[in-house]
Amino acid sequence: MGSVGNHVALKFKPVVFSLSSWHIILSDKVHGNHHAELENRMNEHARIVIIGGGIMGVGLLYHLAEEGCTDVVLIEKGELTSGSTWHAAGQCPNFVGNYNLAKIHEYSISLYKKLEQLTGQSVSWHTSGSVRFALNERDLDWFRYVQGIADNVGFHMEIIDVDKIRQLNPFITTDGVLAGAWTRDDGHADPAGLTNAMARGARNMGANIVRHNRVTDVNLLPSGAWEVVTEKGVIRAETVVNAAGCYARQVAQMVGTDLPICNIQHHYLVSGPIQEFIDREEEIPVMRDPYASAYLRQEQKSGLIGIYEHDNLAEAWPPGGLPEWEADSELFDEDLDRLMPWLERALERMPIIADAGIKRIVNGAIPHPADGPPLLGPVAGLKNFWLCCGSSFGIAQGAGCGKYLAQWMLHGDAEINMTGFDPRRFGTFADESYMKAKGCQDYSMTYATPFPGEELPAARARRVSPLYDKLKARGCVYTEAFGWERPKWFSPDGREEAYSYRRNNVFEVVRDECLAVRERVGVLDLSGFAKYDVTGPDARNVLDRLCANRMPNVGGIVLAHVLSRGGRIGAEMTVTHLAENHFYVLSAAGAELRDLDYLCQGRQAGERVQVANVTDARGVLVLAGPQAREVLSRLTDAPLDNASFRWLRGKEISIAGRPARALRVNYVGELGWELHPPMEHLEELYDALLDAGADSGIADFGLYAVNSLRLEKAYRGWGAELTNEVTLPDADMARFLRLDKEDFTGKQATLEQRDRTLQLVYFEVDAGAADVCGSEPIYQGDDCVGVTTSGGYGHYVRKSLGFGYVPPQLATPGTELGVDLLGERRRAQVLQEPVYDPANERLKM
Ligand SMILES: Cc1cc2nc3c(=O)[nH]c(=O)nc-3n(C[C@H](O)[C@H](O)[C@H](O)COP(=O)(O)OP(=O)(O)OC[C@H]3O[C@@H](n4cnc5c(N)ncnc54)[C@H](O)[C@@H]3O)c2cc1C
């Protein structure tokens, strides 16, 4: 997902936490013998306790201290770095295809370069640069896309030809290599040096570290504080952070949760000294090669090769279980058979390493999350329990993760979009088999080129609607969100998508689906929507306090946003007031757990309100298009005319003899209803709609079509346009603020927002064969002034469309901007209003 540019540094006001309600309740254990055992350095209470002294925990400690929060204790069971960190190869690459993760890497690298100077602790930083190989044109398109991220985030990247690759590394064979992505400023360091330097910096600022002290339990006290039980005594904390690396699941289990992290063994091999390296002054860049699924670099005067093998991963540590608590600085026996044929290919690339012979093999555990990005953020259902773990590139990410997580913890928001790192992106569907299958898939794809819309096979179909098989038989191609399989497009002739950064072989198919919705009527199974029944006499109060919009009267529907106390966007919900004391709240599939957290934690003591997550209990069919009324009226006696059932109204009606919640609202900008029957009636309803719609030419459509249709209507998307980086006025959504309401979270900050530096723009691009994906740089003249957040082709209006953030003075309709699409500067014009039906006449038909 895209996010706002780095041109605009968000400013935070210091937040003062009140500790007045802080109770220090010492348990018997502490009052007794163990009290004397408390080390001087470990106080009886701290504002924040971090469990785990690897690079992630220490990176967070350093940045909390930098933000002025020094009442923090980090507790480590062994020595600092004695988990995964000490044996890492220490590479810190800038080349990252995820905009927000790229910012994390870029920050880490820029800090590491000056860390020795800042702390006096040696980190052995080597600016070697790196070159990643493209083997074909599709890889090269990805490089062009990442080049846009580089230009925006501000790190050096250059796409270079094979001659230049050989110039940078005269010892490499370049058979099959088309080009390289050269990132000159990245490099590698000693991971223990980096961690110890940040630890020293944190201590110097006043933070505390206790080593050789295992956390054995974590308990929630009646006061809401946490009791952290350690081998050396008990410590109370307002907030606890799990930074336990490969042990993070065990620590999570102490508080009754689990995490989608699997520990994967990873090898690197170091050769004997190489004469060619001895004879050279300059270090060769790190080489990253998809053919060998390997990195190759110089380690002192030796060679180093690391392999991301594809098969036979010994995924767990120890196999099938969780690590022993006693394990410290643990390495595993090597398993070179598993690395073949990748190792052979790597040695083909750099024969001088093969000639020098292998002298040392390191096989250690990496904590690998299910989907790639680390787990940074709060744990669902718990107050003040955070995660800073699940990083498989922790050396490159440790400092950046610490910086942005510290901002989020202390100020309520980070300055980058944290949606993709929020641990609440996983629910109970992410069980052990899911995390292993996904984690291994992600590990083995480390050097594979990712494509927009790419569907990966591991751990699919965890949550399906009753229509799953039926739609599959009709050609449905599914995409996953929060474990749910959701229709993406329907293949009319069995074709499979040829993934690409350019328009591909599904372009025409999606156009047909869009035209069916615009000209006739379409039906879409969106049962994965998050759904909650919020009931009780205080339901309205709670929702009004939580949301920036005013709650509607019975029968009404509003779009409502939950803001942080800093006024930034946390959630977007559609709220229907179904009956007295009964609100039906809908949210994005991916936000199911996160928004449940907002709703549950938004309640105050004594309030009479219940929040029921009814996501699995109700299905959703979107019926949209000019003939939607005609089709639905064939199945219900309920009057559907405008006087009886207006736009933005919702009620329960009987359809085909079964009750369903019918909401006159949709995300595609047409006359239509979202129908929410009990899940067990979904298939019946779908069949009835297909029968009733046969004469009207009813057609299935999927989420690719939804993206095109919503762009034509300029509807924003949560996680892309609406993120923790921006306020509702920034997103040009001020009409959803009710500043005349008594109070709501974020109201004061919204009122006080001055000198806005960002403005969402909606634009048309003079595109060629590729449309906006999100995260492309926006230019005015030669100046990079912003970033796109999402885009695509509007099939009905025949325009390439997008959203992005720029400084407000460039947001005037008609402003000419440039957007880089796969290395070509394309003309873009800021639009005044939606290109389709700006007056909402179709919705009100
Ligand atoms: C061979 C190899 C090479 C690698 N190369 C690179 C690379 O080049 N670049 C890169 O970016 N990454 C690399 N990595 C990955 C990197 O090592 C990890 O991503 C990173 O170390 C994770 O850091 P962490 O702080 O999350 O975990 P850890 O370093 O494991 O830290 C967690 C700490 O928590 C402590 N702990 C756990 N439970 C408790 C408890 N109950 N009480 C107190 N303390 C506890 C542990 O003792 C441990 O010290 C490599 C990994 C391997 C195996």
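We count ligands from 1, going down the list as the structure has it; atoms in each ligand are counted the same way.
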message = What I'd like to find out is whether the side chain of Trp86 reaches to under 4.5 Å of the side chain of Pro191, using heavy atoms alone.
response = no

ask   = Taking the six-membered ring for Trp, are Trp125 and His188 ring centroids under 6.0 Å apart?
value = no

Single hit among Val240, Val210, Val49, Val215 for side-chain contact (heavy atoms from CB on, under 4.5 Å) with Ile235 = Val49

4.5 Å side-chain heavy-atom contact, Leu111 and Tyr62 = yes

inquiry  = Suppose I only count heavy atoms of Ile75 and a 4.0 Å limit; which atoms of ligand 1 are within that range?
reply    = 43 (C), 44 (N)

request  = Give yes or no for whether the N/O distance cutoff of 3.5 Å, strictly under, is met between Ile51 and ligand 1.
outcome  = no

remark   = When distances are taken from atom 23 (O) of ligand 1, the protein heavy atom at minimum range is Thr85 OG1, 3.5 Å

query = Just which atoms of ligand 1 are under 4.0 Å from any heavy atom in Phe393?
reply = 10 (C), 11 (O), 12 (N), 19 (O)

key: Glu79 N/O under 3.5 Å from ligand 1 N/O   = no

task = Taking the side chain as every heavy atom from C-beta outward, state whether Val131 and Arg288 have any pair of such atoms under 4.5 Å apart.
result = no

query = Does the N or O separation between Ala88 and ligand 1 drop below 3.5 Å for any pair?
reply = no

note = Nearest non-hydrogen protein atom to atom 27 (O) of ligand 1, with distance, is Gly245 CA, 3.4 Å

Taking atom 15 (C) of ligand 1 as the reference point, the nearest protein heavy atom with its distance = Ser392 O, 3.4 Å

request  = For Gly90 and ligand 1, answer yes if some heavy atom of the residue is under 4.0 Å from a ligand atom, otherwise no.
outcome  = yes

query = Can Asp371 and Lys438 be counted as an ion pair, charged N to O under 4.0 angstrom?
reply = no

Ser391 N/O under 3.5 Å from ligand 1 N/O = yes

request  = May I ask which of His266, Gln397, Lys77, Arg297 has a heavy atom nearer to atom 1 (C) of ligand 1 than the others do?
outcome  = His266

query = Any N or O of Gly364 that comes nearer than 3.5 Å to an N or O of ligand 1?
reply = no

inquiry  = I want to know if ligand 1 touches Gln91 in the polar sense, i.e. an N/O pair below 3.5 angstrom.
reply    = yes

For atom 42 (N) of ligand 1, the protein heavy atom that lies nearest, with its residue and separation = Val215 N, 3.0 Å

message = Does any N or O of ligand 1 fall below 3.5 Å from an N or O anywhere on Ser84, backbone included?
response = yes

ask   = Do any nitrogen or oxygen atoms of Cys388 come within less than 3.5 Å of a nitrogen or oxygen of ligand 1?
value = no

inquiry  = Could you check whether Arg249 pairs with Glu432 (Lys NZ or Arg NE/NH1/NH2 to Asp/Glu carboxylate O, under 4.0 Å)?
reply    = yes

ask   = In terms of atom number and element, which parts of ligand 1 are under 4.0 angstrom from non-hydrogen atoms of Ala365?
value = 53 (C)

key: Six-ring centre of Phe277, Lys301 cation under 6.0 angstrom, axis tolerance 45°   = no

note = One finds that the ligand 1 atoms under 4.0 Å from a non-hydrogen atom of Ala243 are 32 (C), 34 (O)

query = Parallel, tilted or perpendicular: which fits the ring planes of Phe393 and Tyr308, with parallel below 30° and perpendicular above 60°?
reply = tilted

message = Only heavy atoms of Gly52, strictly under 4.0 Å: list the atoms of ligand 1 that pass.
response = 33 (C), 34 (O), 35 (C)

inquiry  = If you count every heavy atom of other residues, nucleotides or ligands that lies below 6.0 Å from Arg360 atom CZ, does the total exceed 12?
reply    = no

ask   = Which option, Leu331, Thr195, Ile366, owns the non-hydrogen atom nearest atom 52 (C) of ligand 1?
value = Ile366

request  = For residues Phe155 and Phe95, establish whether the separation of their ring centroids is below 6.0 Å.
outcome  = no

message = Give me the residue, atom name and distance of the protein heavy atom closest to atom 31 (O) of ligand 1.
response = Gly54 CA, 3.2 Å

task = Name the option, out of Glu76, Met56, His105, that contains the heavy atom nearest to atom 48 (C) of ligand 1.
result = Glu76

task = For ligand 1, indicate whether the residue Ala248 contacts it via side chain, backbone, both or neither (heavy-atom separation under 4.0 Å).
result = neither

ask   = Only one of Gln265, His266, His368 clears side chain to side chain donor-acceptor pair (under 3.5 Å) with Tyr443; which?
value = His266

message = I need the atoms of ligand 1 closer than 4.0 Å to a non-hydrogen atom of Trp325, numbered in the order shown.
response = 38 (N), 39 (C), 40 (C), 41 (N)

query = Quick one: which ligand 1 atoms are inside 4.0 Å of a heavy atom on Gly53?
reply = 33 (C), 34 (O)

task = Would you mind listing which atoms of ligand 1 come within a distance below 4.0 Å of any non-hydrogen atom of Ala89?
result = 3 (C), 4 (C), 5 (N), 6 (C), 8 (O)

request  = Under the salt bridge (Lys or Arg N to Asp or Glu O under 4.0 Å) rule, what do Glu76 and Arg211 come out as? Steps first, then yes or no, please.
outcome  = CA-CA 5 Å; Glu76 163 56 47; Arg211 292 170 298 136; over 6 Å; no

inquiry  = Would Ala396 count as being in polar contact with ligand 1, using the rule that some N or O on each side must be under 3.5 angstrom apart?
reply    = yes

query = Is it true that Lys114 and Glu116 have a side-chain N and a carboxylate O under 4.0 angstrom from each other?
reply = no

key: Sidechain N-carboxylate O distance under 4.0 Å for Asp139, Arg132   = no

key: Heteroatom proximity flag, Gly394 to ligand 1, N/O under 3.5 Å   = yes

query = Does the gap between the ring centers of Trp325 and Tyr247 come in under 6.0 Å?
reply = yes

message = For a salt bridge (Lys or Arg N to Asp or Glu O under 4.0 Å) check, start with the C-alpha distance between Glu44 and Arg236, then their side-chain angles and the critical distance, and finish with the verdict.
response = CA-CA 6 Å; Glu44 289 162 358; Arg236 306 286 170 305; over 6 Å; no

task = Considering heavy atoms of the protein only, find what lies nearest to atom 53 (C) of ligand 1 and give residue, atom and distance to 0.1 Å.
result = His87 CE1, 3.2 Å

